[in-house]
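Report on one structure; see the data block that follows.
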Amino acid sequence: MAELAVDKHVKYILAVEKNKDSFESVVMDHLRMNGAYWGLTALDLLGKLDSVNVDEVISWILKCQHESGGFSGNIGHDPHILYTLSAVQVLALFNKLDVLDIDKVATCWVYESIVSSCTSCFAQVSKLDITGLQNEDGSFSGDMWGEVDTRFSYIAICCLSILCCLDKINVEKAVSYILSCKNLDGGFGCTPGGESHAGQIFCCVGALALTGSLHYVDKDLLGWWLCERQVKSGGLNGRPEKLPDVCYSWWVLSSLIMIDRVHWIDKEKLVKFILDCQDVENGGISDRPDDAVDVYHTYFGVAGLSLLNYPGLKAIDPAYALPVDVVDVLLSFEPRCLAIGRGCSSHTHDRGFESQELL
Ligand code: GRG
């Protein structure tokens, strides 16, 4: 079996960022914040986050922040919850969430600065209306235009959990809306009655995990639907009769881990499928063998391998979609949040799944 071409992938990710005129950079211009999250998290999992200039990244992220508090996909674009989570995740990756509290002089104690940034984040977040984006039925819209999707429920919950602000939304209603999107096949769609799709399942299961609500999931039924996603080549698809795609190595596998049913798929075959999608000469990973590579598939390929405990990769948390050591730092803030009386219910330690020993 081929090995993971770590150095080639690192080179490829760094080159996409540098070469602003490349086809990939141009088509990704409007969602560069997502690209930053994919590329930087992949670099971290590969152990090479130190090859980027942190100050440059942070300064660019802050230029994407709007008056409202939300972030856009690039400078001068409109803010959206999709990019706001990526911005917050990248700041968490660098342990720089405190820059969100731009008016406050950083205190010497990291917890203090995080928690105080939390409070002011909430001020910003409320202007951005992550909390205001919650609708009466518990669902979330992505921005001022009102589209509703369980992706936005996950994003709001993940973002507010990272910022210690989950207590500012109606979690019970958010959970109840997500459960209303559950189908008879055990899966979840983007709205009630919407077809089950592995991407939406990740969002719903992730949101339930982050709110300590996984007991509402029929794990055997959903686990069966998810493990049926594995096709002959070892790759996973997103729904019945569709082609396999490396990105589902994340959406399906993380969901299976969260519901403790990952042992129902053939892990060796999946590893082989992901490795077969590498461009071993120029780096990068594609959706399927011999297709063109891109940063999105490179990230989700590496993240999938990380979930499978591929040797040499940092471990990734299936619910926060951030490296485990980054999440450990976030979770360690909870006692401090409680101590200053924030009554923070944002960090559910017992999310109901175990870390895996897979390979
Ligand atoms: C932090 C990891 C992370 C995610 C943030 C944006 C988001 C939350 C989740 C997106 C979940 C999702 C819907 C993923 C699916 C993406 C995808 C490959 C869609 C393609 O769907 P189709 O129907 O393709 O075009 P198929 O594979 O069904 O043929």
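Remember, it's 1-based here, ligands and their atoms both numbered in the order they're listed.
Looking at atom 23 (O) of ligand 1, its nearest protein heavy atom turns out to be R239 NH2, 2.4 Å.
A salt bridge links R261 with D220: the closest approach of a Lys/Arg side-chain nitrogen to an acidic carboxylate oxygen falls below 4.0 angstrom. By the 4.0 Å N-to-carboxylate-O rule, R239 lies close enough to E195 to be salt-bridged with it. Ion pairing of D137 with K173 is absent here, as no side-chain N (NZ or NE/NH1/NH2) approaches a carboxylate O to less than 4.0 Å. With respect to the salt-bridge test (charged N to carboxylate O, under 4.0 angstrom), the residues K11 and D7 do not qualify.
Annotation: ring-ring contact (aromatic ring centres under 6.0 Å, His included) contacts of F140 (sequence neighbours excluded): none.
Considering W38, W251, W250 only, the shortest heavy-atom separation from atom 10 (C) of ligand 1 involves W251. For atom 11 (C) of ligand 1, the choice among G199, A321, C158 with the nearest heavy atom turns out to be G199. Looking at Q89, K242, H297 and measuring to atom 29 (O) of ligand 1, the nearest heavy atom belongs to K242. If you check each of F152, Y154, Y299 against atom 8 (C) of ligand 1, the one with the closest non-hydrogen atom is Y154.
Taking the six-membered ring where tryptophan is involved, the planes of F300 and W250 are tilted, since the angle between them lies from 30° to 60°.
Below 4.0 Å from some heavy atom of C247 lie the following atoms of ligand 1, by number and element: 18 (C). Taking every non-hydrogen atom of L82 and a distance limit under 4.0 Å, the qualifying atoms of ligand 1 come out as 6 (C).
Under 4.0 Å from ligand 1, the heavy atoms of Y296 that appear belong solely to its side chain.
Within a 4.0 Å radius of atom 25 (O) of ligand 1, the protein has no heavy atom.
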